[in-house]
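Read the structure below first, then the notes.
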Amino acid sequence: MASPDLREVADSFVAGIPNLRDQVDQLVRSIAPGSVATYGDLAKSLGDIAASRWVATYLLDPTCRVADFSHRVVRSTGEIGLHYSGSSETKTELLRAEGVVIAKETVHLETYRAQLPPIGRSLSELKAWQLDFESPAEPAFRLEDIEAIGGIDVSYGKVQAVAACSRMQVDGKTTIGTQTYVGAAEFPYITGYLAFREIPLHLNLLADMQVAGTLPDVLLVDGNGRLHPRRMGIATMLGGLAGIPTIGVAKKLICGVLRVPELRVGKWEPIVVSKDQPDEILGYAIVPHTKTKHPIYVSRGFGVDDQAMLEIVERCLNGHRSPEPIYWADRESRRHASTL
DNA sequence: GCGACAG
DNA sequence: ATCTTGTCGC
């Protein structure tokens, strides 16, 4: 299997990501004076209610390009909510001036709710992309053939972000080296869509490593793999795009439930879709050491079976909560980002 | 009122 | 993820 030019993979991936800010701007401008929409209405027009918190955050930012129209966006309860000016009274007065009746700081949504236009090429399309994503054939993974285990993470500075990949020997604990890549993270963080925020940085870093001949044989990714609402977390998508075996390692549970009531330090326990489906295992949780009560959540990314996955992660556990490659990538990317 | 979700 | 002080513990 010819390995792909990762710079080209990065460029074409980026080309397929919509600009959510532009789309929210367009939607907000479409709300006529005298009517309102909710943050959730806008998110649904983008294609996923999960974006509602980001929409609210964006519209409350004073530098937002549609700040002058953002008073027309209220909470799902009809409550006026916050305003970029810092004053809900200002927001209320702006709405009243446009003829909207407000009682008890609340709008009657049934009366004033605007009809929003549909948006093409947005979150709905990204969701479909995740559901339809076709991973290339997974080459047989042979644990005895690997020479380097990588860990990849992203930290954020004022303007730009830094991706770092640290490589360790097969013992999982001996450092070989770290490479970094600085770039912009354009796409916002929305639960379930982390891949579209961080993979552009990941792929460009991996492209640099491809040139340098330093690509690891397996990559631990800060985030989930199969343990994802659509079974397509960042680790799975990155591995499929780059053709590199990956494992997802997260610090918080995004979905699913623990199959057992309690975790024991150092013991893997399955995470399943629900108590009713105890056989569909999405990933595994483990409390890595005595110092912490917090588990990590590990799931298959691409090209590695569950048994090899757990063996690799175990080798990398060395007194920190995260496996060493991720621990170091996090440390280095954060240190670099703090200087930006 | 509560659940409630990677980075 | 980031914003943030001192503080508790190994």
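Chain letters run A, B, ... following the sequence lines, proteins first and then strands; every chain starts at 1. Below, all heavy atoms of this structure are taken into account, side chains as well, without hydrogens, waters or symmetry copies. Every value quoted in this text rests on a predicted model; they were computed, and no experiment measured them.
When each of B:dA6, C:dA1, C:dC10 is scored by its nearest atom to the side-chain atoms of A:R334, the top-ranked nucleotide is C:dA1.
Across all strands shown, A:G248 has no heavy atoms under 4.0 Å from either base or sugar-phosphate atoms. Using a 4.0 Å heavy-atom criterion, one finds that A:D222 contacts the sugar-phosphate atoms exclusively. As judged by a 4.0 angstrom heavy-atom cut-off over every strand, A:Y193 is placed among the base-contacting residues. Using a 4.0 Å heavy-atom criterion, one finds that A:Y156 contacts the sugar-phosphate atoms exclusively. Within the 4.0 angstrom heavy-atom criterion, only backbone atoms of the sugar-phosphate kind lie near A:L253; the bases stay farther away.
The CD1 atom of A:I326 sits 11 Å away from the P atom of C:dA1 (whole-angstrom rounding). When rounded to the nearest whole Å, the span between CZ of A:R335 and C1' of C:dA1 equals 19 Å. Note: CD1 (A:I199) to P (B:dA6) measures 17 Å, nearest angstrom. Between A:L282 atom CG and B:dA6 atom P the separation is 15 Å, expressed in whole Å.
Contact annotation: A:S155 does not reach the phosphate of C:dA1 (side-chain N/O to OP1 or OP2, under 4.0 Å). OP1 or OP2 of C:dA1 has not a single side-chain nitrogen or oxygen of A:R197 nearer than 4.0 Å.
As a member of the Ile/Leu/Val/Met/Phe/Trp/Tyr network built from side-chain separations under 4.5 Å, A:I176 groups with nothing else and remains a singleton.
Residue-to-nucleotide proximity on DNA chain C shows that, of A:K291 and A:A337, the 5′-proximal contact is made by A:A337.
Remark: A:W328 pairs with no residue by the ring-ring contact (aromatic ring centres under 6.0 Å, His included) rule, at least two apart or across chains.
With contacts defined as side-chain heavy-atom distances shorter than 4.5 Å, the pair A:I149/A:I312 qualifies. In this structure, the side chains of A:I286 and A:Y297 stay at 4.5 Å or more apart for every pair of heavy atoms.
Between the side-chain ring of A:Y189 and the base of B:dG7, a stacking contact exists by the 5.5 Å and 30° definition.
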